[in-house]
Amino acid sequence: MSGDRAVVLGGGGVAGIAWQNGVLVGLADAGVDVTDADLMVGTSAGANVAAQFTSGLSPEELYRRQIDARVQSREVLPPGNPLTELTAERAAIAAEDDDPGEIRRRVGAFARAARTVPAEVRRSVVASRLPVHEWPQRLLLVVAVDAVSGEPRVFDRNSGVPLVDAVTASSAVPGVWPVVEIDGALYTDGGVRSTTNADYARECARVLILAPLPVWPLDEEVAALVAAGARVEVIAPDDASVVAFGDNPLDPDCRVAAAKAGRAQGEVEAERIARLWK
């Protein structure tokens, strides 16, 4: 068993990182601190947040790192809005093939062929986000996808892979950021499999999912968890948070608004989540 309670943190760009920070702090403001979870599962933006909230820094200090320009991470803004191209590419692939493994392989090929910033530049960005670069003793799972085979890879403290590399791999949005080489294999974003990968919390009795991008297969993952006997709650962006994200969730300028909207939403959601957590 992975423990009784799990927090699943999903993908959603720098807006998703800031928003999830805000939600977790907002919940704590209202007396519901879910950061004591037995298990954290992080995908893409969520991998960054999971690493941040298992670092030992206080939630308030982590929140400050989203809203205070003096301590914010050093982000790189990709030109244009490449998520539009990724969405179109994935839709075209899905229209031609409905096999999930083949879709992941083709998206991986798209990721490998893309012209992006150098790998070391992208890694330095992720490193600047993480207060601590060592794996926590608590159970943290970071999900990426092999860009050649299309198979998922779940990194943890026993994988022999540095935390920064695992999080960078999980955050390697296809066509936006470079694939990440680890032990001779190439990895792309864990969101290629699922924006939440909530099924990796299947051994837990209570599961809280933060889903900045609440898209397929989230409903199926939740249904499977419930069918297995788990109690599950999902927090997705409310209207104010969607507005705060703006048109491009990769734009660092959205961080302050997204974090503040998330904090306000966390306070509102606290009563519902307390019934799950306590």
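Without hydrogens or angle criteria, T43 side chain to G46 main chain gives no donor-acceptor distance under 3.5 Å. Checking side-chain atoms of S73 against main-chain N and O of E75 turns up no donor-acceptor pair under 3.5 Å. A donor-acceptor pair under 3.5 Å is formed between the side chain of R112 and the backbone N or O of A147. Without hydrogens or angle criteria, S170 side chain to A47 main chain gives no donor-acceptor distance under 3.5 Å. Formation of a donor-acceptor pair under 3.5 Å by the D38 side chain with backbone atoms of R5 is found in this model. Counting only distance, with no hydrogens or angles, the side chain of Q72 and the backbone of Q66 share a donor-acceptor pair below 3.5 Å. With R202 contributing its side chain and A224 its backbone, the two residues share no donor-acceptor pair below 3.5 Å. At distances below 3.5 Å, at least one donor-acceptor pair connects side-chain atoms of Q52 with backbone N or O atoms of R129. Remark: the backbone N or O of E151 is paired with a side-chain donor or acceptor of S149 at under 3.5 angstrom. Within the 3.5 Å criterion, the main-chain N or O of A198 finds a donor-acceptor partner in the side chain of E221.
Annotation for A211 and T196: closest pair CB-CG2, 4.0 Å, computed over non-hydrogen atoms. Across all non-hydrogen atoms, the minimal contact from G12 to A45 is N-CB, 3.5 Å. Contact detail for K278 and G31: the closest heavy-atom pair is NZ-O, 2.8 Å. Contact between W19 and S241 at its shortest, heavy atoms only, is NE1-OG, 3.1 Å. Nearest heavy atoms, R193 versus P152: CD-CB, 3.7 Å. Taking every heavy atom of both residues into account, P78 and W177 meet most closely at CD-CH2, 3.6 Å.
We find the CG-CD1 distance between D98 and I103 to be 7.0 Å, quoted to the nearest 0.5 Å. The line from CG of D146 to CG of L186 is 7.5 Å long, rounded to the nearest 0.5 Å. Expressed to the nearest 0.5 Å, how far CD of E203 lies from CG of L39 amounts to 9.0 Å. Annotation: the span from S159 atom OG to I182 atom CD1 amounts to 9.0 Å, rounded to 0.5 Å. Here the straight-line distance linking atom OG1 of T54 with atom CZ of R157 works out to 10.5 Å at 0.5 Å rounding. From K260, atom NZ reaches atom CD1 of I67 across 6.0 Å, with rounding to the nearest 0.5 Å.
Tracing side-chain contacts under 4.5 Å through hydrophobic residues (I, L, V, M, F, W, Y), one never reaches V14 starting from V49; they form parts of separate clusters. A continuous path of ILVMFWY side-chain contacts below 4.5 Å connects V25 to L62, so both sit in one hydrophobic cluster. The hydrophobic clustering, which links ILVMFWY residues whose side-chain heavy atoms are closer than 4.5 Å, places V164 and V167 together. Under the 4.5 Å side-chain heavy-atom criterion for grouping Ile, Leu, Val, Met, Phe, Trp and Tyr, I273 is not connected to V207 through any hydrophobic cluster. No continuous path of hydrophobic side-chain contacts links L141 to V145 [ILVMFWY only; heavy atoms under 4.5 Å].
Residues forming a side chain to side chain contact (heavy atoms under 4.5 Å, CB included) with E102 (at least two apart in sequence, or on another chain): D97, D99, R105, R106. Among residues two or more places apart in sequence or in another chain, the side chain to side chain contact (heavy atoms under 4.5 Å, CB included) test is passed with V242 by P237. Remark: R255 pairs with no residue by the salt bridge (charged side-chain N to carboxylate O under 4.0 Å, His left out) rule, at least two apart or across chains. Qualifying side chain to side chain donor-acceptor pair (under 3.5 Å) partners for T188, counting only residues two or more places apart in sequence or in other chains: none. Applying the side chain to side chain contact (heavy atoms under 4.5 Å, CB included) test to D219 and every residue at least two apart in sequence or in another chain returns nothing. Taking the salt bridge (charged side-chain N to carboxylate O under 4.0 Å, His left out) definition, one finds that E269 meets it with R272, sequence neighbours left out. Partners of R138 by salt bridge (charged side-chain N to carboxylate O under 4.0 Å, His left out), not counting sequence neighbours: none found. A search for ring-ring contact (aromatic ring centres under 6.0 Å, His included) contacts involving F155 returns Y187, not counting sequence neighbours. Among residues two or more places apart in sequence or in another chain, the salt bridge (charged side-chain N to carboxylate O under 4.0 Å, His left out) test is passed with E220 by none.
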Please set out all donor-acceptor pairs under 3.5 angstrom arising from side-chain atoms of residues 243-253, sequence neighbours excluded.
unit_1, atom_1, unit_2, atom_2, d
N248, OD1, L250, N, 3.0
D251, OD1, D253, N, 2.9

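Heavy-atom neighbours of N158 CG from other residues, nucleotides or ligands within 6.0 Å: above the threshold of 12. Applying the 6.0 Å contact sphere to CG of D36 captures more than 12 heavy atoms from other residues, nucleotides or ligands.
Each salt bridge (Lys or Arg N to Asp or Glu O under 4.0 Å) pair with one or both residues in residues 159-169, not counting sequence neighbours, appears once here: R123-D165. For residues 113-139, no residue pair satisfies the ring-ring contact (aromatic ring centres under 6.0 Å, His included) rule, not counting sequence neighbours.
Judged purely by distance below 3.5 Å, without hydrogens or angles, the side chains of E233 and W277 never pair a donor atom with an acceptor atom.
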With side chain to side chain contact (heavy atoms under 4.5 Å, CB included) as the criterion, how do I17 and R65 come out once you've worked through the C-alpha distance, each side chain's angles and the decisive distance to 0.1 Å?
CA-CA 11 Å; I17 293 174; R65 288 165 63 97; over 6 Å; no

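Side-chain contact between V76 and S124 is absent, with no heavy-atom pair separated by less than 4.5 Å. At least one side-chain heavy atom of L140 sits less than 4.5 Å from a side-chain heavy atom of L163. Between V34 and L24, the closest side-chain pair of non-hydrogen atoms falls below 4.5 Å. Between T195 and L218 the shortest side-chain heavy-atom distance does not fall below 4.5 Å. The shortest distance between side-chain heavy atoms of V232 and I209 falls below 4.5 Å. Residues I235 and L208 form a side-chain contact, since some pair of their non-hydrogen atoms from C-beta on lies under 4.5 Å apart. The side-chain heavy atoms of P174 and V192, taken from C-beta on, include a pair separated by under 4.5 Å. You'll find the side chain of V126 reaches within 4.5 Å of the side chain of N48, heavy atoms only.
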